[in-house]
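Below, each value reflects all heavy atoms present in this structure, side chains not excepted, and no hydrogens, waters or symmetry copies. Order of the sequence lines fixes the chain letters, A, B, ..., with proteins taken first and strands second; residue numbering starts at 1 for each chain.
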There are 2 protein chains.
Amino acid sequence: MVERNEETIQATKTSFEIVHTLQEVGPARLSEIAAELELAESTTHRHLQTLHDMRYVSRDGERYQLGLRFARLGRAAQTRDPAYEMTQRHVEALAEETGERAQFVVEDHGLGIYLHVETGSQAVRVGFGVGRQIHLHSSSAGKAILAHYPRERVDEILDQWGLPAHAANTITDREELYEELETVRERGVAFNREEHVDGLNGTAVPVKRDGRAIGALAVAGPSHRLTGEWLDEEIPNMMLAAANELELNATYASDAGSRDHIVE
Amino acid sequence: MVERNEETIQATKTSFEIVHTLQEVGPARLSEIAAELELAESTTHRHLQTLHDMRYVSRDGERYQLGLRFARLGRAAQTRDPAYEMTQRHVEALAEETGERAQFVVEDHGLGIYLHVETGSQAVRVGFGVGRQIHLHSSSAGKAILAHYPRERVDEILDQWGLPAHAANTITDREELYEELETVRERGVAFNREEHVDGLNGTAVPVKRDGRAIGALAVAGPSHRLTGEWLDEEIPNMMLAAANELELNATYASDAGSRDHIVE
DNA sequence: GTCATGAATTCCGTTATGCGGAACTGATAA
DNA sequence: TTATCAGTTCCGCATAACGGAATTCATGAC
């Protein structure tokens, strides 16, 4: 009689949906959030009060917004693997040497997440794009990662997210992608020729540990600038050197770091 | 009969406690988390499943860990006010000029949160300390902020967090702190002489907007190096110049930024 | 091969608890 | 004064979150 469908907790989902709404729209009033999510105001109030009590949400008069406690959580996620931290200086160096945007991307839940982003020019604001999520099939970093995953895992990911077209050249056919990944595996380098955004090219190499890709280093820029030998050879060589150095530090030494009076 | 005590949601609290546990201990098994929080394994399982479904938790075989979705949330929190972003280059410049650790700290829920941290020497790993939470009464940045808050708000914060001693010189007396804040307000500069950690000095200036402190710029370092004119005059002058420049940009222009194919 | 162990997952009855509607409060303005 | 609007509190109900028990699954000992 009673449908025992999903084994998940509704209240938790609702709370995170509220958090997500705050992430999307910025400071908002209770009534706006309730309307947005089609919840009763009393319910919304209870969730916001709970989140506020735990310091995951702040309020300024009538407006609620994300609590800065998420900054800590975000850092913890970003450094959950010591190897993630070691890539930062390589990303900086790549941005410096190429003058283009350099990135370090890892896979989580079948999506690519930008963990480090640096731009060659100083004009662009720092840290912009960190945490951003992209599909793996349409980016050089994503293809570099997928190329070194077992086929079953690749299929799982494609089943989950599909192969939506983002630009004219996006690979939207599964077989075609398999072939592309084969090529990437052979060359050790992935390219993105206007597959993600029209007018934007990119190239990436995997960073491996124990034979498994833990992420990818990538460089992206306007297709008129990223072309020829520069795109095909020179940039990949810089990235390969960086990836190689990272992989040699096989131990990826981790240190706990000192902690003084931290409030939890 | 039925006690209607706290108007908060238990399930949400439990879910966030699990997230917090993962932040603290890193990758963990279900049974470890259940034991740590004294929850039934079936309950823990349901929460983890829910969090995993929403991509806020990842699992690698038998171990659960924070999902990288928190990286995005953390960035969103860190940039919830456009003014927060504009301080980064000043923090970098201060670290460069002083050769010491420079920080930008804001208040949330009565605590100080480090939003930007840069060190003069390149040896130290980047971003370390971002998101960290400290008591306001025992740091130069905290005192710079409190000095420009109305008395009632200061009392609220002290009621909530007390004045715990962290080092030999920590101010633990309310009246004494009031006087100190008065001095800070007059001078426009706050000092921390081994009040937070023995052997560590610091100095800070508030960054104000519409007369209200939105945060503080701070420089900290070993007490033997941070002393005399250097600590009392020169560093504060650099910080004041930076704060002044920030405050002149009263508009704090915000731009939405382009978004390409972002997966939510 | 069987049996023991330990962890994760599923099942299930109970009842606490999360829910929305309604009532109430408080601020602002007409 | 009354009207309006947002936020908060109250309250009864039915659901869904809970923990204990049973089951599955993997691993290792003998």
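In this structure, the NZ atom of B:Lys13 is 14 Å from the C1' atom of C:dG18, given to the nearest Å. Across the protein-nucleic acid pair, B:Leu30 atom CG and D:dA26 atom P stand 17 Å apart, rounded to whole Å. The CD atom of B:Glu62 sits 14 Å away from the P atom of C:dG6 (whole-angstrom rounding). Between the CZ atom of A:Arg63 and the P atom of D:dA6 there is a distance of 12 Å, rounded to whole Å. Regarding B:Glu7, its CD atom lies at a distance of 8 Å from the P atom of D:dC10, rounded to whole Å. Here C:dA8 presents its C1' atom at 14 Å from NE2 of B:His52, a figure rounded to the nearest Å. Atom CD in B:Gln49 sits roughly 14 Å away from atom C1' in D:dA17 (whole-Å rounding). A straight line from CD1 of B:Ile18 to C1' of D:dC18 spans 13 Å, rounded to a whole angstrom.
At a threshold of 4.0 angstrom between heavy atoms, the contacts of B:Arg29 are confined to the sugar-phosphate backbone, with no base atom among them. Residue-level contact check: A:Ser42 touches the bases, meaning some heavy atom is under 4.0 Å from a base atom. A:Gln10 comes within contact range of the sugar-phosphate backbone alone, with a heavy-atom separation under 4.0 Å but no base atom that close.
Between D:dC18 and B:His47, a contact under 4.0 Å exists linking OP1 or OP2 to a side-chain N or O. The shortest distance between the side-chain N/O atoms of A:Arg59 and the OP1/OP2 oxygens of D:dT8 is below 4.0 Å. Look at B:His45 and you'll find a side-chain N or O under 4.0 angstrom from OP1 or OP2 of C:dT9.
Annotation for B:Asp60: atom CG does not count as buried by contact number, only 12 or fewer foreign heavy atoms lying within 6.0 Å.
Using a cut-off of 4.0 Å between Lys/Arg side-chain N and Asp/Glu carboxylate O, B:Glu7 and A:Arg46 are scored as salt-bridged.
Comparing A:Ser31 and B:Ala40 by the nucleotide of DNA chain D whose heavy atom lies nearest to each, the residue mapping closer to the 5' end is A:Ser31. The residue among A:Leu39 and B:Glu41 whose nearest nucleotide of DNA chain C lies closer to the 5′ end is B:Glu41. Residue B:Glu32 is the one, among B:Glu32 and B:Arg46, whose nearest nucleotide of DNA chain C lies closer to the 5' end (criterion: closest heavy atom).
Taking the six-membered ring for Trp, B:His52 and B:His45 have ring centres at least 6.0 Å apart.
Remark: the backbone N or O of A:Met54 is paired with a side-chain donor or acceptor of A:Arg69 at under 3.5 angstrom.
Note: B:Tyr56 and B:Phe70 have tilted aromatic rings, judged against thresholds of 30 and 60 degrees for the angle between ring planes.
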